[in-house]
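Below, chains carry the letters A, B, ... as their sequence lines are ordered, and counting in each starts from 1.
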Protein chains: 2
Amino acid sequence: MEREFQFNAMPKTKQFDETEVLVKAREVFSVKGYNGTSMDDLVNATGLSRSSIYDTFGDKHGLFLKSLSHYCTSQGDELQNLCAKTDSPKKKIRAIFDYTLKSILTDKERKGCLMVNVSMELNAVDRDVAAISLANMEDMEQTFSALVKEGQAKGEISKKFSPKALGRLLYSNLMGLRVSGMNRPEPDALKEIVKLALSILDE
Amino acid sequence: MEREFQFNAMPKTKQFDETEVLVKAREVFSVKGYNGTSMDDLVNATGLSRSSIYDTFGDKHGLFLKSLSHYCTSQGDELQNLCAKTDSPKKKIRAIFDYTLKSILTDKERKGCLMVNVSMELNAVDRDVAAISLANMEDMEQTFSALVKEGQAKGEISKKFSPKALGRLLYSNLMGLRVSGMNRPEPDALKEIVKLALSILDE
DNA sequence: ATTTATTTGGAACATTCATTCCGATATACA
DNA sequence: TGTATATCGGAATGAATGTTCCAAATAAAT
């Protein structure tokens, strides 16, 4: 009897969702920092075995970078969604600050923001992180400055300063909020910081 | 012959200046982070032997905390000196921002500020660091708010917002400046951030 | 059920880590 | 000068680290 050549015997498929793993990993990295997180921590947090992690992400640094990038884009998407909810550029800016505020105040483990945390931890020694962090900064500044430009055109936002300069200030303020919130996540104080920070947009 | 009991045979004295060691250690911790810094790094940077470090500072964490505290107080003194150079509260505030700006722009290794760096790296897992960082924040806020109050009394600073609220915003802005500066230490952009951040003090 | 390719768990590995220890050295006073 | 005592250098230690490896388990197609 003639036996056919066998194609395509299919293997076991991955038993986990890569995105979920990236989220779990991000949470650990946020709490313990990059160098404070061990592979053991990651195995425990993700529920994967060492082999699966290495097979899928290469090594610790690879998993970390994927985790950071995923956080970056998913946060970007989140901001897009927020902005879609109103037509007013000024309200969009406020929504971004309120969202950050809320994420600080609901963060019971004091994880903070992975982007800020690891940028402060690693910028001087990790070019990959420095590049991602810089790109994120410029993206945020650009987003803010476009919103300011639009808001100024609509007359919602004071024309006293240029969109570019205000974009930079708003990013800087958002980072200041994260640092303040990490040190003392007190609602009233943080809300007041946002209020004053955004007052520069008014006449 | 009667032999007297012998007191006080004096030992070898320390061959190094403790403060200098704390400064060298701080530089390493700033660049590599707490968990990224090994005892080997510290031995190399300080020039001391392991024994001397352990004899003098207890352990790595002890050296780190002393280093952080020393940075904190020496930076506090520095700000006092700056403020002593003028009678104008508003100029004192500006001097603090300009000093920070200068320290960012002359920081060729991108060390950043140890206080901010380790606060972001360790706040969630190290109560000592969290306490020091919080104390530093409240101290700075208090300094700023006192200056604002004085400036408002002198008519130099707008009375639109309370000293307390402005104190918090100014601290937050200073932290934002450090984060922005870590990501992109570009003089013009940072100077503009300071300019806009301080514009809230004007009428 | 068999085959195939991959995942998976856990042991094993070499390295690096913080810390300890000891002999030698060096200082200040008698 | 001699002695007491702390510092110092470097080897030694044991735990923890990131990574590799292999046998067993497993899913998909035959």
Side-chain angles (χ1 to χ4, degrees), chain A residues 1-22 24-25 28-29 31-67 118 121-122 125-126 128-129, chain B residues 1-22 24-25 28-29 31-67 118 121-122 125-126 128-129:
Chain A
M1 179 177 52
E2 185 164 282
R3 190 155 100 74
E4 285 199 34
F5 189 77
Q6 294 196 278
F7 305 91
N8 300 346
M10 281 292 129
K12 186 173 175 182
T13 54
K14 280 213 195 310
Q15 301 292 293
F16 56 88
D17 176 35
E18 195 164 314
T19 300
E20 280 176 24
V21 170
L22 292 178
K24 299 268 189 185
V28 192
F29 282 128
V31 172
K32 301 195 165 192
Y34 174 71
N35 281 312
T37 300
S38 69
M39 286 303 292
D40 247 33
D41 292 331
L42 293 166
V43 166
N44 292 333
T46 61
L48 302 204
S49 70
R50 290 174 141 63
S51 341
S52 301
I53 294 180
Y54 278 89
D55 271 4
T56 314
F57 304 103
D59 58 7
K60 182 186 172 186
H61 196 252
L63 170 56
F64 170 67
L65 287 182
K66 280 216 173 104
S67 186
V118 302
E121 181 188 354
L122 301 173
V125 289
D126 189 322
D128 296 322
V129 170
Chain B
M1 179 174 55
E2 185 165 282
R3 190 157 96 76
E4 284 200 33
F5 188 78
Q6 294 195 281
F7 305 92
N8 300 344
M10 282 293 126
K12 186 173 174 181
T13 56
K14 281 211 196 311
Q15 301 291 293
F16 56 88
D17 175 36
E18 197 164 312
T19 299
E20 281 176 24
V21 171
L22 292 178
K24 300 268 189 184
V28 191
F29 282 128
V31 172
K32 301 194 166 193
Y34 174 70
N35 282 312
T37 300
S38 69
M39 285 303 293
D40 247 33
D41 292 330
L42 293 165
V43 166
N44 291 334
T46 61
L48 303 204
S49 70
R50 290 175 143 61
S51 341
S52 300
I53 294 180
Y54 279 89
D55 273 2
T56 313
F57 303 103
D59 58 7
K60 182 187 171 186
H61 196 252
L63 170 56
F64 170 67
L65 286 182
K66 279 216 173 104
S67 185
V118 302
E121 181 188 354
L122 301 173
V125 290
D126 189 323
D128 296 323
V129 170

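Of all heavy-atom pairs between A:Leu48 and A:Ser52, the closest is CD1-CB, 4.1 Å. When every heavy atom of B:Val43 is checked against every heavy atom of B:Ser49, the shortest pair comes out as CG2-C, 4.4 Å.
At a threshold of 4.5 Å between non-hydrogen side-chain atoms, the residues B:Phe16 and B:Thr56 count as touching.
Under the side chain to side chain contact (heavy atoms under 4.5 Å, CB included) criterion, A:Asp40 pairs with A:Ser38, A:Arg50, not counting sequence neighbours. A:Lys32 is linked by a salt bridge (Lys or Arg N to Asp or Glu O under 4.0 Å) to A:Asp41, counting only residues two or more places apart in sequence or in another chain. Scored by the side chain to side chain contact (heavy atoms under 4.5 Å, CB included) test, B:Lys60 finds B:Phe29, B:Tyr34, B:Met39, B:Leu42 as partners (sequence neighbours excluded). In this structure, the side chain to side chain contact (heavy atoms under 4.5 Å, CB included) partners of B:Asn35, at least two apart in sequence or on a different chain, are A:Asn35, B:Glu121, B:Leu122.
Interface residues of residues 37-57 of chain A facing DNA chain D, ordered by number: A:Thr37, A:Ser38, A:Met39, A:Arg50, A:Ser51, A:Tyr54; criterion, heavy-atom separation under 4.0 Å.
Rounded to a whole Å, the CG atom of A:Asp17 is 16 Å from the C1' atom of C:dT7. Rounded to whole angstrom, the span from the NZ atom of A:Lys60 across to the P atom of D:dT19 amounts to 8 Å. Here the C1' atom of nucleotide D:dA16 and the CG atom of B:Asn35 are 13 Å apart, to the nearest Å. Between A:Glu18 atom CD and C:dT7 atom C1' the separation is 14 Å, expressed in whole Å.
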Under 3.5 Å, N/O pairs linking protein and nucleotides 13-15 of chain C:
none

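Applying side-chain contact (heavy atoms from CB on, under 4.5 Å) to B:Ile53 and the options B:Asp59, B:Val21, B:Thr46 leaves one that passes, B:Thr46.
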